[in-house]
Visitor: 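Pasting a structure here, questions to come.
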Amino acid sequence: MVKKASAFEIFNHWVLAGSFFVLTASGYAFLFQLEQVGSVFGGFNQMKVIHNWAGVVFSVSLFLTIFHYLPVALRFGSDDISWIIKGGGYLSKKVTVPPQDELNAGQKLYYIVVLVSGIAIAASGLVIWLRPDIADVRKWVLISHLLHNVSFDLMVVAIPVHMYLATLANPGTFRIMVYGTVPVSWARKRHAKWVQRMGF
Amino acid sequence: MSIANRKSLLISPELCIGCRGCQTACKSWNQLPGQKTKNTGTVQNPPDLLPNTFNIIRYVEMPSEKDAMRWLFVSRRCMHCGDAGCMKICPAPGALYRTKEGAVAYNKEKCIACKLCVAGCPFDVPRYDEKGKVAKCHLCFDRIAEGLAPACAKTCPTGAIRYGERDALLGEAKKAGYAKVYGEMELEGLGALYAFKDAPKVYGMDEKPAVPESVVFWHKVLKPLAYIGVGGAVAASLLHYVAIGPKKDEEGKKDE
């Protein structure tokens with residue numbers, strides 16, 4: 001077994017996932033005025049308080065992921081381009097992809113999407129919540145409302161796909177976020193450049 | 001809602017004498033406190049709507065060659081839009097609601113003080129009390145439910161504010177010589193109709209009031225996408241699992 005994720009990385013991931021779940025459930029409840037979901041949260045007034053503070057937790061957790069993933073995600077090369085062109089090897093049973101780094105090209109792209117939309121949803125959420133006392137506040141609330149909902153739509157597509165690819169689609173992956181370790185033979189097949197660099 | 005059965009206000013600025021009985025009657029009925037104001041060089045007071053001031057008379061000076069002393073008194077309040085931007089954007093069920101007479105009323109207990117409604121309003125009407133809850137003209141929903149007229153209409157000495165059946169009021173305005181009534185068709189019909197002699201902008205009103213485009217886009221496109229998107233992602237994942245399946249690690253299959 002080789003170590004692929006630290007204990008803090010695992011903990012932070014589940015804090016992010018947990019807060020995302022709370023935010024999405026309450027988000028849908030606000031979007032469609034879902035009274036049943038509202039009553040689970042103890043009413044819409046309380047749900048708003050929970051939504052806002054879960055947003056704070058989400059934002060801090062997202063910020064901390066930068067230290068785990070951003071440097072790797074920004075290292076884009078020809079192997080990554082080739083991975084993308086080949087659809088990551090997911091579109092056919094026969095395609096093979098070039099050797100990948102600690103995160104494959106798809107994971108890098110996914111992280112960038114989550115980081116950007118996460119920052120957008122957090123910043124816009126903050127404007128709606130705090131409502132700064134400026135002259136054209138209504139314009140900024142409208143821009144924030146739009147940005148908040150565009151980011152929401154992006155994330156509710158990206159995260160289910162992430163959950164599928166991290167479990168059913170790639171056996172041996174989910175254990176990274178439970179035990180933090182993977183067999184070195186598994187890592188050699190999926191993240192060959194990382195194995196080489198680490199000298200496992 | 002069925003536009004013909006709606007009750008409405010008909011506001012005629014040309015009949016208004018600026019007595020502001022409407023401002024006072026509204027405060028009296030709704031038990032709203034007075035507002036400490038200061039002289040800003042105009043009789044328009046307070047300068048704009050407030051959490052404790054649901055309607056004001058705007059004082060619009062329009063001197064021209066024809067009439068050097070023309071000034072207009074224009075009532076400003078909630079327009080009770082047929083297509084209400086406040087209701088559209090509101091995330092809390094029952095916080096803003098339509099009464100059977102067609103008014104846009106509110107329930108402060110259900111309001112979550114998010115303050116999105118004023119951003120959705122084409123007329124910048126909703127205000128917020130000390131708890132952040134919405135406060136605006138509710139067409140005296142409790143009076144009209146009992147068949148009474150709103151306090152402002154009841155008190156108006158000149159008939160500049162009248163309350164009644166929408167179709168009847170429209171008919172009377174047209175008979176009085178107003179070819180076009182502001183609010184007849186705008187925003188699926190405004191609950192507050194205005195009889196303007198001149199163009200709306202002369203009275204300080206938007207020629208083409210509309211719910212902000214971003215709110216319309218959100219309502220028509222982004223909202224359905226929230227369900228279609230997540231449903232599509234889940235469906236695509238299931239389809240992929242069935243059609244192509246997981247990446248297994250046997251030699252000669254999917255990995256190099």
Side-chain angles (χ1 to χ4, degrees), chain A residues 24 27-35 38 43-49 88-99 128-129 131 137-146 149-150 152-161 163-165 167-173 185-186 189-190 192, chain B residues 85 87 89-95 109-121 124 126 128 131-133 212-215 217-219 221-241 243-256:
Chain A
T24 306
Y28 271 108
F30 284 131
L31 196 56
F32 295 102
Q33 292 192 346
L34 303 173
E35 300 209 55
F44 272 70
N45 270 287
Q46 191 160 279
M47 184 164 68
K48 175 172 160 259
V49 177
Y90 289 111
L91 302 179
S92 144
K93 288 203 230 266
K94 295 193 195 80
V95 175
T96 60
V97 288
I128 295 170
W129 180 9
R131 214 158 185 274
V137 65
R138 292 198 308 151
K139 178 180 92 177
W140 288 107
V141 167
L142 284 175
I143 291 170
S144 300
H145 184 255
L146 187 68
N149 279 275
V150 167
F152 179 69
D153 280 359
L154 251 175
M155 288 177 130
V156 295
V157 169
I159 273 69
V161 173
M163 286 165 66
Y164 169 64
L165 291 175
T167 56
L168 289 173
N170 292 294
T173 304
S185 55
W186 182 95
K189 291 203 182 83
R190 308 239 184 184
Chain B
M87 286 178 67
I89 207 175
C90 176
E109 240 125 82
K110 300 200 170 156
C111 172
I112 62 172
C114 73
K115 302 187 191 164
L116 283 172
C117 39
V118 75
C121 174
D124 184 20
Y128 304 102
K131 294 207 178 91
K133 307 274 177 147
E213 278 167 20
S214 67
V215 177
F217 175 73
W218 163 77
H219 181 72
V221 177
L222 296 181
K223 280 176 79 166
L225 261 179
Y227 272 149
I228 296 169
V230 75
V234 171
S237 302
L238 286 175
L239 188 66
H240 178 271
Y241 188 70
I244 297 179
K247 268 193 190 176
K248 297 215 173 43
D249 283 334
E250 296 97 50
E251 291 295 331
K253 282 268 173 70
K254 285 174 69 61
D255 297 286
E256 75 274 12

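Chain naming here is simple, since letters A, B, ... match the order of the sequence lines and numbering starts at 1 in each. Predicted model, so just to flag it, every value in this text is computed and none were measured.
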Visitor: Specify which of A:Leu165, A:Val49, A:Leu168 makes the most heavy-atom pairs with chain B at under 4.5 Å.
Guide: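 Highest number of heavy-atom pairs under 4.5 Å: A:Leu168.
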
Visitor: Checking the side chain of A:Lys93 only, and the main-chain atoms of B:Ile244 only, is there a donor and an acceptor separated by less than 3.5 Å?
Guide: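 Side chain of A:Lys93 to backbone of B:Ile244: a pair is present.
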
Visitor: Any idea which of A:Lys139, A:Arg138, A:Met155 has the most non-hydrogen atom pairs under 4.5 angstrom with chain B?
Guide: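 Answer, by heavy-atom pair count under 4.5 Å with chain B: A:Arg138.
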
Visitor: For B:Val215, is it the side chain, the backbone, both, or neither that has a heavy atom closer than 4.5 Å to a heavy atom of chain A?
Guide: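 Answer is side chain: those atoms of B:Val215 sit under 4.5 Å from chain A.
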
Visitor: Does A:Trp186 use its side chain to pair, donor to acceptor, with the backbone of A:Thr173 at less than 3.5 Å?
Guide: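 Such a contact is absent between A:Trp186 side chain and A:Thr173 backbone.
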
Visitor: When only pairs under 4.5 Å are counted, which of A:Val157, A:Leu142, A:Asn170 shares the most heavy-atom pairs with chain B?
Guide: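 Among the listed options, the one with the most contacts to chain B is A:Leu142.
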
Visitor: Side chain, backbone, both or neither: which part of A:Phe44 has a heavy atom under 4.5 Å from chain B?
Guide: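 For A:Phe44, the contact with chain B is made by backbone and side chain together.
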
Visitor: Is there a donor-acceptor contact under 3.5 Å from the side chain of A:Asn45 to the main chain of B:Glu109?
Guide: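 Pair found, side chain donor or acceptor close to backbone of B:Glu109.
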
Visitor: Check whether A:Val150 gets within reach of chain B through its side chain, its backbone, both or neither, counting any heavy atom under 4.5 Å.
Guide: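 Interface part for A:Val150: both.
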
Visitor: Main chain of B:Gly94, side chain of A:Gln33: is a donor-acceptor contact present, judged purely on distance under 3.5 Å?
Guide: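 A pair under 3.5 Å: no.
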
Visitor: Looking at A:Asp153, A:Val156, A:Leu154, which makes the most heavy-atom pairs under 4.5 Å with chain B?
Guide: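 Heavy-atom pairs under 4.5 Å are most numerous for A:Asp153.
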
Visitor: So does B:Tyr241 get a backbone contact from the side chain of A:Tyr164, meaning a donor-acceptor N/O pair under 3.5 Å?
Guide: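 A pair under 3.5 Å: yes.
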
Visitor: Counting only non-hydrogen atoms closer than 4.5 Å, does B:Ala243 touch chain A with its backbone (N, CA, C, O), its side chain (CB onward), both, or neither?
Guide: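 Backbone of B:Ala243 only, per the 4.5 Å heavy-atom cut-off to chain A.
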
Visitor: Under a 3.5 Å cutoff, is there a donor and acceptor pairing between the side chains of A:Tyr90 and B:His240?
Guide: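 B:His240 and A:Tyr90 do not have a side-chain donor-acceptor pair below 3.5 Å.
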
